[in-house]
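Have a look at the structure below before the remarks.
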Amino acid sequence: MAFAGILTACLLLLPHVSSTATFTPLLPPAYPLAVRSPYLSAWLPGNAAENLPSSRSQFWYGNELNWSLIARVDDVAYNLFGVVDSLEDTKNATVTEGKYTSTHSIFTLTAGAATITLDFLSPVSPTNYLRQSLPFSYLTVTVKASGQSVQIYSDIDDSWTGQSTSSEWSYATNGSTAVYQISAKDTATYSQNTAGQALWGDAVYATRPGNSSGSKLTAASGPVAAVRAQFVGNGTLDDTHEAWTSGGVVGFAQELGTVSESAAVTFAIGHVRLQSINYLGAAQTGYYRATYPETVAAVSHFLDDYTDADSDASSLDELIQKAGEESYSAGGSNYSDILALSVRQVYGGMELTIPDDTLDTSSPRAFIKEISSDGNINTVDVIYATFPLLYALDATWIKLLLRPVLEYSVSDLYTEDYAVHDLGADYPNATGHLASGESMPVEESGNIVIMSHAYTKASGNDDLATTYADLLEKYATYLLVNGEYPAKQLSLNDGLGELANQTNLGIKAAVGLAAYGALTGQDNYTTAGQGFATTIYTDRVGTDASGSYFTIQYGIEPWFLVFNLYPDILLGLDVFPEAAYNATSAFYPTAREAAGLPLDGSLAWGQTNWQSYVAATVTGAAREMLIADLHAYISNGLNAVPFSDKYWVKNGTDYVAGEYDSFRARPTLGSHFALMALLGENQLS
Ligand SMILES: *[C@@H]1O[C@H](CO)[C@@H](O)[C@H](O)[C@H]1NC(C)=O
Ligand SMILES: *[C@@H]1O[C@H](CO)[C@@H](O)[C@H](O)[C@H]1NC(C)=O
Ligand SMILES: *[C@@H]1O[C@H](CO)[C@@H](O)[C@H](O)[C@H]1NC(C)=O
Ligand SMILES: *[C@@H]1O[C@H](CO)[C@@H](O)[C@H](O)[C@H]1NC(C)=O
Ligand SMILES: *[C@@H]1O[C@H](CO)[C@@H](O)[C@H](O)[C@H]1NC(C)=O
Ligand SMILES: *[C@@H]1O[C@H](CO)[C@@H](O)[C@H](O)[C@H]1NC(C)=O
Ligand SMILES: *[C@@H]1O[C@H](CO)[C@@H](O)[C@H](O)[C@H]1NC(C)=O
Ligand SMILES: *[C@@H]1O[C@H](CO)[C@@H](O)[C@H](O)[C@H]1NC(C)=O
Ligand SMILES: *[C@@H]1O[C@H](CO)[C@@H](O)[C@H](O)[C@H]1NC(C)=O
Ligand SMILES: *[C@@H]1O[C@H](CO)[C@@H](O)[C@H](O)[C@H]1NC(C)=O
Ligand SMILES: *[C@@H]1O[C@H](CO)[C@@H](O)[C@H](O)[C@H]1NC(C)=O
């Protein structure tokens, strides 16, 4: 995790527009539209939802993506989404509703006599590797009308390729499916533009005729004004495909005929990289390619799979909603609102891969991008922040993410006696940790041991514990020798700098040792961890004199939000005494700032990840405060970027309480599920 966020907050206060639209369960900072991988990450700022017809989607970084929708209703053209330069003789449809669930963002608009729903569905299917790994997302347009003649148009352009100065595109069909692919020219494999978009691979836009009896599909590519004018004038496109030019689009027109009740058409948008990850010099590719090696077949299958994917998504939505309410009933649906907004961001920061040469599915791997903070690949503490959601839904994903880290750690490429921080400075190059890179010895050693145990406990599968027994023992020994009084070093809160005797690191070592004891059945490690806990809490080495709060360093103020207690609770390790939990439950409400708890008593910012971990370790008023503050933060209207996990908790000269500080779209939001994970592991199966 890097302190110097490349993005600084910018307060977007739009003039208040009196609104006729309703937003449920709340108007979020940003809606996920197509969020399936670090490179398929399209969002709509919440404050643009009301003006959806003229508002463009954005890549997570904030740069605009051109993706538009226009409808004709009885020959009158209505802009629905993303039309910045509206053509003459068109109108804007009126947004009446916006809504999100764990997998959908849904907008309803009125266009003349028709009601049109745009349903952006990004599947989250952790137990179905084929479905989860397809790098596409759905947009379904449903028209309700009473006898009107309706056509739907949609286009995208080279903004999806990361390079608008030189691209190329192609058109193909497979049965009734039509597919456009757009790619940047003369760019290096595995390279990115400054916004973090992939410069290799293909943006994909595909569709097939709608479901009404009069359905017919036409397509065209060419200059944006000409292609759209064809549709606005005629309701069809002429099926001509011009070569790429700057300012060009690829478009589809869907004739739905006379719609007397309801008709629908589904588009698939995506970004495909056949060589997706550079793993120690060899290419990994998407898991789905074992079944669909060709992109046209893959996206055709994705459209075939719509009904099943949609019903799978409904089940997940329901599971998250219910588990949110069950694990925190005091907040009504507040906690579920937070969870639902977090799910796509977590899975959209990861990719599930197999070797590109053999397409062998027997040892899949997962890679995670430290989006927006520094772009590292498989940062161990980012996996740690994410793991509560993985544990709760399907704990196998903990193994999928750890596998490449463990493989690397036992190879000759890495020789330290403590765990590595990351697999490479720049996703997708998992080429190994740079000697000059960050190192967090106690933090990451504890993380590896704790998460190996969490996976083993949840899955009942001792494959990691057996294969990496020597490595795990080495890290447990490291914690034993170096963990009670940690030397001066970084913790995952690297913005604090290198500090000695960090209490939260001592806690991680204590919990890590007990996790190792539980993993291997050696009680003496558990006893050793409990001994650290006695030093830190009972003997007051890591607390104030009365033991009412933990301090940042041994004997040094201020108080610190000790989130590393969480695995003690989740995994039932019984390391820290009940008195420590009671003390923090009583203390934190007294330390709250205007918009929530900071990370420590000297800071003006807090992190939703660690607040969420702590919400699961405290009870009563402290838990209520943490969940209510997080809910208030996502619904306060001050932010317009993909969920940022770092925000200001009090006013300062350049910011106000509740405004985000830095970071956005990070998959670390798996932390928000800390409380839900207490219900149990593998809730999907
Ligand atoms: C649609 O709304 C935008 C933003 O309010 C405005 O700039 C544009 O002119 C409108 N287009 C039409 C056709 O009314
Ligand atoms: C997106 O569309 C707008 C309006 O047509 C255009 O000005 C802009 O250049 C396009 N952006 C990219 C990156 O292609
Ligand atoms: C990954 O490595 C390749 C060289 O192998 C380089 O061209 C590319 O820019 C790197 N990607 C990033 C994101 O740094
Ligand atoms: C509509 O279609 C007719 C016949 O194909 C064609 O001549 C005309 O140019 C089209 N109109 C537009 C606006 O493209
Ligand atoms: C088309 O799909 C929509 C959305 O699923 C559904 O409401 C409608 O009944 C379907 N129409 C036909 C003719 O099958
Ligand atoms: C067409 O799509 C199907 C999936 O719907 C796939 O099985 C088949 O291989 C595809 N054919 C071609 C030529 O892409
Ligand atoms: C860590 O704390 C212990 C006990 O308070 C102290 O003896 C030791 O000097 C501290 N280490 C450092 C590097 O400050
Ligand atoms: C625990 O016991 C085992 C077996 O006797 C021994 O190898 C190991 O060093 C002990 N570990 C600790 C922390 O005491
Ligand atoms: C912790 O708090 C609970 C609930 O108030 C109480 O029952 C318990 O005795 C307390 N434990 C200790 C060690 O103070
Ligand atoms: C839900 O969160 C809001 C802040 O957005 C807060 O005002 C409200 O009290 C919370 N509701 C419950 C039941 O905790
Ligand atoms: C923070 O500043 C904002 C804007 O000036 C103000 O509305 C708000 O009341 C302030 N909050 C606190 C807690 O001072």
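Values below: every heavy atom of this structure, side chains too, minus hydrogens, waters and symmetry copies. Nothing fancy with the numbering, it's 1 onward along the sequence. Each ligand, and each atom within it, is numbered from 1 in the order the structure gives.
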Can you tell me if Q502 and S491 form a side-chain donor-acceptor pair at under 3.5 Å?
-> yes

Below 4.0 angstrom from a heavy atom of Q522, which ligand 8 atoms are there? Numbered from 1 as shown, please.
-> 3 (C)

Return yes if a side-chain donor-acceptor contact under 3.5 Å exists between Q530 and D574, otherwise no.
-> no

Donor-acceptor pairs are to be reported for all side-chain atoms of residues 185-192 against protein atoms at under 3.5 Å, with residues two or more places apart or in another chain.
from, atom 1, to, atom 2, distance (Å)
T187, OG1, L199, O, 2.6
S191, OG, A188, O, 2.6
Q192, OE1, Y39, OH, 2.6
Q192, OE1, K369, NZ, 3.0

Per-atom filter on ligand 4: closer than 4.0 angstrom to a heavy atom of Q230 are 12 (C), 13 (C), 14 (O)

Around ligand 2, what residues show up once you keep those with a heavy atom under 4.0 Å from it?
-> R56, N66, V84, D85, D157, D158, S159, S164

Using a strict 4.0 Å cut-off to heavy atoms of L480, name the atoms of ligand 8 that fall inside it.
-> 13 (C)

How are the rings of Y418 and Y414 set relative to one another: parallel (under 30°), tilted (30 to 60°) or perpendicular (over 60°)?
-> perpendicular

Are a donor atom and an acceptor atom from the side chains of Y78 and T110 found within less than 3.5 Å of each other?
-> no

Any salt bridge between R72 and E255, counting N to O under 4.0 Å?
-> no

H271-F136 aromatic ring centre distance below 6.0 Å = no

